[in-house]
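Read through the structure below, which is laid out as structure tokens, and then see the notes.
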Amino acid sequence: MIINSLFATPIYKTNIDRAFTKKELEFVNKQKKHCIKNKGNFNTKNNYILNNKEFKNIKEFLGTCCNDYLHKVISPKNNVNLYITQSWLNYTEKNQYHHEHNHANSIISGVFYLNADNKNDTITFTNPNHVMQIKPTIKEHNIWNSDTWWYPLETGELILFPSTTKHQVDIKKGNNIRVSLAFNTFYKGTLGTSTGLTELNII
């Protein structure tokens with residue numbers, strides 16, 4: 001007997017596997033003074049944060065991972081790449097949270113963790129296909145019967161997912177300030193074909 005995960009949501013996880021530089025960390029700490037209130041936490045006024053020179057190497061890492069996801073998961077035939085559009089920093093302190101949401105006008109979204117405690121910090125995804133009016137009490141949750149699923153997080157970790165996927169941060173536990181860099185992406189290149197009358201050139 002085989003159970004297949006048909007039309008699963010691809011969640012890509014990796015780690016930068018290096019310590020952050022002094023300049024990167026100083027920049028992150030400085031930006032905390034320039035934030036606006038979100039529903040449950042704070043994010044930077046600057047929503048093109050990756051355009052700053054202090055994040056040059058991080059931006060290159062994130063861009064490489066986005067295109068790895070693109071070619072391994074979406075697998076376009078044409079010469080298509082993803083580029084990062086908007087990007088911003090989120091700061092979540094003890095007892096704060098980040099409301100459930102998804103990202104419009106984006107293909108793949110990502111969250112990169114500059115400070116996370118793997119004992120307390122998680123990201124929770126909502127199952128878009130799990131709408132059941134008749135539902136038994138669950139004895140043991142798994143990826144098929146769960147309404148939500150969460151992953152523990154650690155500093156340096158990157159998570160990529162389809163931008164339509166709803167996600168949230170539950171109420172923050174632990175005393176560290178959780179710092180994440182969130183971003184959106186879009187296609188650059190040629191989508192579709194001229195013969196199929198579906199061609200779209202995105203420069």
Parallel, tilted or perpendicular: which fits the ring planes of [X] and [Y], with parallel below 30° and perpendicular above 60°?
| X | Y | answer |
| --- | --- | --- |
| F55 | F27 | perpendicular |
| H167 | F125 | tilted |
| H98 | H101 | parallel |

message: Between H103 and W88, is the ring centroid distance below 6.0 Å?
response: yes
field: Stepwise side chain to side chain contact (heavy atoms under 4.5 Å, CB included) test for N38 and H99
entry: CA-CA 9 Å; N38 204 338; H99 63 286; 3.4 Å; yes
Hey, could you give me the [atom1]/[atom2] distance between [X] and [Y], rounded to the nearest 0.5 Å?
| X | Y | atom1 | atom2 | result |
| --- | --- | --- | --- | --- |
| C35 | F42 | SG | CZ | 8.0 Å |
| N41 | R178 | CG | CZ | 9.0 Å |
| L89 | F112 | CG | CZ | 11.0 Å |
| T165 | L160 | OG1 | CG | 11.0 Å |
| Y113 | I16 | OH | CD1 | 15.0 Å |
| I108 | L82 | CD1 | CG | 6.5 Å |

Does the side chain of [Y] come within less than 4.5 Å of [X]'s, by heavy atoms?
| X | Y | value |
| --- | --- | --- |
| S87 | N47 | no |
| K32 | I177 | yes |
| Y12 | F161 | no |
| L62 | F183 | yes |
| N175 | K94 | yes |
| N81 | Y187 | no |
| P10 | Y69 | yes |
| D68 | T14 | no |

Please find the pair of heavy atoms, one from [X] and one from [Y], that lie closest to each other, and give the distance.
| X | Y | result |
| --- | --- | --- |
| N145 | E140 | ND2-O, 3.1 Å |
| T198 | G192 | OG1-CA, 3.4 Å |
| N142 | W144 | OD1-N, 2.8 Å |
| W149 | I143 | CZ3-N, 3.7 Å |
| A182 | N90 | CB-ND2, 3.6 Å |
| K59 | L50 | CD-O, 3.4 Å |

- request: Assess whether salt bridge (Lys or Arg N to Asp or Glu O under 4.0 Å) is satisfied between E154 and K13, documenting all intermediate values.
  value: CA-CA 11 Å; E154 61 183 29; K13 293 181 68 182; over 6 Å; no
Atom [atom1] of [X] with >12 non-hydrogen neighbours under 6.0 angstrom:
| X | atom1 | answer |
| --- | --- | --- |
| K53 | NZ | no |
| L191 | CG | yes |
| K23 | NZ | no |

Taking the basic N atoms (NZ, or NE/NH1/NH2) and the acidic carboxylate oxygens, is any pair closer than 4.0 Å for [X] and [Y]?
| X | Y | answer |
| --- | --- | --- |
| K172 | E93 | no |
| K135 | D147 | yes |
| K56 | E60 | yes |

task: Carefully, step by step, assess E157 and Y151 under the rule side chain to side chain contact (heavy atoms under 4.5 Å, CB included).
output: CA-CA 11 Å; E157 193 163 41; Y151 292 97; over 6 Å; no
- request: Using the test salt bridge (Lys or Arg N to Asp or Glu O under 4.0 Å), find all partners of E54 that sit at least two apart in sequence or belong to another chain.
  value: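 Here no residue qualifies.
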[Y] and [X] side chains, donor-acceptor separation under 3.5 Å:
| X | Y | value |
| --- | --- | --- |
| E199 | T190 | no |
| N102 | T164 | no |
| N184 | T85 | no |

message: For N176, run the side chain to side chain donor-acceptor pair (under 3.5 Å) check against T155, D121, T92 and tell me which one passes.
response: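 Exactly one option meets the side chain to side chain donor-acceptor pair (under 3.5 Å) with N176, and it is D121.
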- request: Let me see the working for K173 and D170 under side chain to side chain contact (heavy atoms under 4.5 Å, CB included), right down to the final yes or no.
  value: CA-CA 9 Å; K173 298 178 181 179; D170 296 327; over 6 Å; no
